[in-house]
Chemist: 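Encoded as structure tokens, here's the structure I'll be asking about.
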2 protein chains.
Amino acid sequence: MKRTSLEKADCPIARSLDAIGDWWSLLIIRDAFLGLRRFSEFQKNIGLAKNILTVRLRALVEHGILTTAPASDGSAYQEYVLTPKGRGLFPILVALRQWSEEFSADAFPTLLVDRDNGRPVQKLELRAEDGRLLGPGDTELKPNPKVSRRRRVLA
Amino acid sequence: MKRTSLEKADCPIARSLDAIGDWWSLLIIRDAFLGLRRFSEFQKNIGLAKNILTVRLRALVEHGILTTAPASDGSAYQEYVLTPKGRGLFPILVALRQWSEEFSADAFPTLLVDRDNGRPVQKLELRAEDGRLLGPGDTELKPNPKVSRRRRVLA
DNA sequence: TCCAGTGGTTGCATTATTAAACTAGATTGC
DNA sequence: GCAATCTAGTTTAATAATGCAACCACTGGA
């Protein structure tokens, strides 16, 4: 049976989901962006079972999203910190946040703001090379000329 | 046991994940953006079990992301199409795609391009009110003044 | 030394996922 | 008009993931 792996999928979205597409991983990453680093911090803040946190942290490390650093406050414990690849997930988190804010009926207790002046940030927008705003209907998928010849499953 | 529901979480990211945070939902939505509409189209293209597709489609409809329309080619069957709320997920898909493209070693067979001129789109970027580019460290979460007083769990 | 906190592991019950078989109604081929 | 096939599911039974609680070795502080 086995839970189908999307690791080798030809679709970049599927590949992303393979790395972060389960319930808890993105919440862990969200907390990592908020500055949490320790096992117990994640466990307390997210409220998931410890054995699952163990598995998720290991998977995130294996995917190169988190890395274990040997302490920072002098204690003998280790910490989990975001790699550059992990920090690259920032736009995804922002997009998820903005989607809820836009389409959920009620307001949320926190607001994402510019640290320099405390003002809310802009909405993420997709733009063309020349700066024009692009909606879903203004884009299409084109074969990538850099790729010679491969099976074209899961566009 | 029960899989913990994040439906009432105070965190907008958690709420998004409650709606679309499982393996298959986002792939279904991706295919919906590509123009697929029928049960069998999703099933063939994604390759998931039909009973699961049934459950996922129902959940997406309940969340207001998809809606069922009564045909379009004249047949007596129904179709699943994106609502405005569903189309609002576009930046999330783009962010997932761009993350894979940036951090995956190998190239992907398709490229997201501007339909008007076939040129690749820009990377999604978070900008301040005045247009300055913002990274993860340039932002913070501030209490939302619109919210009176609530439990502040799951920031 | 004692004792709470950290970072897990193990066992077991419950739930989710899966492939495969089955089905009722719609559509097509002839 | 009738059989074959397609559509959009449901059912079943096996396997995998999840959750909770208990346990455990090690650390750090009083």
Side-chain angles (χ1 to χ4, degrees), chain A residues 1-7 9 14 17-28 31-32 35-63 66-81 154, chain B residues 1-9 14 17-28 31-32 35-63 66-81 153-154:
Chain A
M1 178 189 91
K2 224 158 186 194
R3 194 212 272 258
T4 11
S5 165
L6 302 171
E7 199 179 344
L17 292 178
D18 188 71
I20 57 169
D22 73 276
W23 272 74
W24 300 116
S25 296
L26 267 176
L27 294 181
I28 295 170
D31 282 358
L36 305 202
R37 302 162 151 256
R38 297 277 283 261
F39 187 96
S40 56
E41 291 179 309
F42 292 118
Q43 207 256 313
K44 256 178 283 189
N45 195 53
I46 305 181
L48 83 174
K50 293 200 290 180
N51 49 357
I52 303 204
L53 179 56
T54 302
V55 174
R56 289 294 173 276
L57 286 173
R58 238 197 295 276
L60 289 172
V61 169
E62 270 167 25
H63 277 107
L66 294 177
T67 189
T68 52
S72 87
D73 61 341
S75 76
Y77 300 115
Q78 64 176 356
E79 297 180 337
Y80 296 89
V81 295
L154 286 176
Chain B
M1 178 192 93
K2 226 161 189 188
R3 194 212 272 261
T4 13
S5 165
L6 302 170
E7 199 179 345
K8 308 281 295 176
L17 292 178
D18 188 71
I20 57 168
D22 73 274
W23 272 73
W24 301 115
S25 297
L26 268 175
L27 293 181
I28 294 170
D31 282 358
L36 305 202
R37 302 162 151 257
R38 296 278 283 263
F39 186 94
S40 56
E41 290 180 310
F42 293 118
Q43 207 257 316
K44 257 178 282 189
N45 196 52
I46 306 181
L48 83 176
K50 295 197 288 182
N51 47 359
I52 305 213
L53 179 57
T54 301
V55 173
R56 290 295 174 276
L57 286 173
R58 238 197 295 275
L60 289 172
V61 169
E62 269 167 26
H63 277 107
L66 294 178
T67 190
T68 52
S72 86
D73 61 341
S75 77
Y77 301 115
Q78 65 177 355
E79 298 179 337
Y80 297 89
V81 294
V153 288
L154 286 176

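Lettering follows sequence order; numbering is per chain, from 1.
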Chemist: When you check the phosphate oxygens OP1 and OP2 of C/dT9, does a side-chain N or O of A/Arg58 lie under 4.0 Å from one of them?
Modeler: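 Yes, within the criterion.
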Chemist: What are the two closest heavy atoms between A/Phe39 and A/Leu53, and how far apart are they?
Modeler: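 Shortest heavy-atom contact: O-CD2, 3.4 Å.
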Chemist: Using whole Å, report how far CH2 of A/Trp23 lies from C1' of C/dT15.
Modeler: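 Result: 13 Å.
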Chemist: By the 4.0 Å heavy-atom rule, please label B/Thr54 as base, sugar-phosphate, or nothing.
Modeler: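 Answer is base: heavy atoms of B/Thr54 come under 4.0 Å of a base.
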Chemist: Identify whether any heavy atom of A/Gln78 sits under 4.0 Å from a base atom; if not, whether one sits that close to sugar-phosphate; answer base, sugar-phosphate or nothing.
Modeler: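 Contact class for A/Gln78: sugar-phosphate only.
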Chemist: Starting at atom CZ of A/Phe39, determine the distance to atom C1' of C/dG7, rounded to an integer number of angstrom.
Modeler: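 Computing the A/Phe39:CZ to C/dG7:C1' distance gives 6 Å.
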Chemist: Measure from the side-chain heavy atoms of B/Ala49 and tell me the nearest of C/dT18, C/dT17, C/dA26.
Modeler: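 So the nucleotide nearest the side chain must be C/dT18.
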Chemist: 5'-most contact on DNA chain D: A/Tyr77 or A/Asn51, nearest heavy atom basis?
Modeler: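 On the 5' side of the pair lies A/Asn51.
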Chemist: Find the distance B/Leu57:CG to D/dA8:C1' and express it as a whole number of Å.
Modeler: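 Value for this atom pair: 10 Å.
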Chemist: Taking the minimum atom-to-atom distance to the side chain of B/Ile52, which one of C/dT17, D/dT11, D/dT7 wins?
Modeler: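 Closest nucleotide to the B/Ile52 side chain: C/dT17.
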Chemist: To the side chain of B/Ala76, which of C/dT18, D/dA8, C/dT27 is closest?
Modeler: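 Looking only at heavy atoms from C-beta outward on B/Ala76, the closest nucleotide is C/dT27.
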Chemist: Check A/Glu79 against A/Ala71 and note the closest heavy-atom contact, atom names and distance.
Modeler: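 Shortest heavy-atom separation between A/Glu79 and A/Ala71 comes out as OE1-O, 3.6 Å.
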Chemist: Please give, in whole Å, the distance from C/dA16 P to B/Arg56 CZ?
Modeler: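 The answer, rounded to whole Å, is 10 Å.
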Chemist: Taking for each residue the nucleotide of DNA chain D with the nearest heavy atom, is it B/Lys44 or A/Lys50 whose nucleotide lies nearer the 5' end?
Modeler: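 So the residue in question is B/Lys44.
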